[in-house]
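Read the structure below first, then the notes.
Position 1 is the first residue of the sequence; numbering continues from there. What you see is a predicted model, and the numbers here were worked out from it, not measured in a lab.
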Amino acid sequence: QVQLVESGGGLVQPGGSLSLACARSGSIFEINTMGWYRQAPGKGRELVASIASGGTTNYADSVKGRFTISRNNDKTMVYLQMNSLKPEDTAVYYCTVNARRLSFSTWYNYWGQGTQVTVSS
């Protein structure tokens with residue numbers, strides 16, 4: 001069974017930094033992308049950043065230049081470095097992996113349980 005566990009959320013003042021980490025466990029045949037989404041109160045879930053299997057990264061316009069996504073070589077960890085945080089970055093942040101467990105399996109989006117990030121003075 002594939003599991004994703006996020007860590008690193010918390011309370012930070014505007015302009016501060018936080019680092020999120022997501023640990024993947026369980027057997028996977030192939031990973032397409034790894035990424036982070038967020039959901040603010042009363043809003044839908046939105047893509048924050050993603051990293052493809054080849055290393056190409058993609059960011060929401062609202063976080064470009066402030067957030068950096070990375071992963072380790074064996075794709076068991078994905079990170080999100082968040083700098084210059086703003087109150088509008090407050091949300092629950094979810095780790096996600098698009099992968100297939102077997103060579104003949106369909107692609108599936110796995111999700112973590114989420115970690116709260118609050119930016120407030």
Side-chain angles (χ1 to χ4, degrees):
Q1 185 177 356
V2 176
Q3 286 190 320
L4 302 175
V5 179
E6 301 100 335
S7 60
L11 173 64
V12 63
Q13 291 187 342
S17 297
L18 271 179
S19 230
L20 304 183
C22 174
R24 176 184 66 81
S25 61
S27 176
I28 283 184
F29 174 74
E30 184 178 5
I31 290 176
N32 183 19
T33 60
M34 306 178 80
W36 292 90
Y37 280 68
R38 67 186 180 187
Q39 187 166 18
K43 295 188 177 180
R45 195 171 291 192
E46 63 172 356
L47 174 68
V48 176
S50 65
I51 182 165
S53 59
T56 301
T57 57
N58 181 47
Y59 295 93
D61 287 343
S62 59
V63 308
K64 279 181 183 175
R66 300 188 298 123
F67 291 11
T68 302
I69 189 170
S70 61
R71 57 167 166 79
N72 63 356
N73 287 336
D74 62 4
K75 300 176 186 173
T76 56
M77 297 292 299
V78 60
Y79 306 96
L80 187 68
Q81 177 63 42
M82 304 184 292
N83 299 327
S84 303
L85 282 160
K86 305 174 181 180
E88 50 264 43
D89 294 317
T90 295
V92 177
Y93 283 69
Y94 296 92
C95 170
T96 183
V97 172
N98 180 254
R100 51 182 178 173
R101 292 195 64 193
L102 301 169
S103 61
F104 50 83
S105 301
T106 57
W107 294 96
Y108 187 81
N109 290 322
Y110 297 92
W111 294 89
Q113 81 288 350
T115 185
Q116 177 70 46
V117 171
T118 303
V119 185
S120 175
S121 54

Give, for atom [atom1] of [X] and atom [atom2] of [Y], the distance between the pair rounded to the nearest 0.5 Å.
X: Asn58; Y: Lys64; atom1: CG; atom2: NZ; answer: 7.0 Å
X: Met34; Y: Tyr79; atom1: CE; atom2: OH; answer: 9.5 Å
X: Gln39; Y: Tyr94; atom1: CD; atom2: OH; answer: 5.5 Å
X: Arg45; Y: Arg38; atom1: CZ; atom2: CZ; answer: 13.5 Å
X: Ile69; Y: Arg71; atom1: CD1; atom2: CZ; answer: 9.5 Å
X: Cys95; Y: Arg24; atom1: SG; atom2: CZ; answer: 10.0 Å

Residue pair [X] / [Y]: nearest heavy atoms and the distance that separates them:
X: Ala49; Y: Tyr59; value: CB-CD2, 3.6 Å
X: Val2; Y: Ser27; value: CG2-O, 3.7 Å
X: Val117; Y: Met82; value: CG2-CE, 3.9 Å
X: Ser17; Y: Ser84; value: OG-N, 4.4 Å
X: Ser120; Y: Pro14; value: C-CD, 3.6 Å

Give the intermediate values and the outcome of side-chain contact (heavy atoms from CB on, under 4.5 Å) for residues Leu20 and Glu6. CA-CA 7 Å; Leu20 304 183; Glu6 301 100 335; over 6 Å; no

A side-chain contact here means heavy atoms from C-beta on lying under 4.5 Å apart; do Gln13 and Leu85 qualify?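 Side-chain contact under 4.5 Å: no.
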
Hydrophobic clusters here meaning ILVMFWY residues chained together by side-chain heavy-atom distances under 4.5 Å, can you tell me if [X] and [Y] are in one?
X: Leu80; Y: Tyr110; result: yes
X: Val119; Y: Leu11; result: no
X: Ile31; Y: Trp111; result: no
X: Val12; Y: Phe67; result: yes
X: Val78; Y: Tyr37; result: no

Could Asp89 and Lys86 be called an ion pair, given the rule that one side-chain N must be under 4.0 Å from one carboxylate O?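 Not counted as a salt bridge, because no side-chain N and carboxylate O are separated by less than 4.0 Å.
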
Please check if the side chain of Asn72 supplies one atom and the backbone of Met77 the other of a donor-acceptor pair under 3.5 Å.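 Judged by distance alone, yes, a pair lies under 3.5 Å.
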
Run Ser53 and Glu30 through side-chain contact (heavy atoms from CB on, under 4.5 Å) and show every step you take. CA-CA 9 Å; Ser53 59; Glu30 184 178 5; over 6 Å; no

Are a donor atom and an acceptor atom from the side chains of Gln81 and Ser19 found within less than 3.5 Å of each other?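 Yes, a side-chain donor-acceptor pair sits under 3.5 Å.
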
Taking atom CD as the centre, does Gln1 end up with more than 12 heavy-atom neighbours from other residues, nucleotides or ligands that are less than 6.0 angstrom away?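 Atom CD in Gln1 is not packed in, count stays at 12 or less.
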
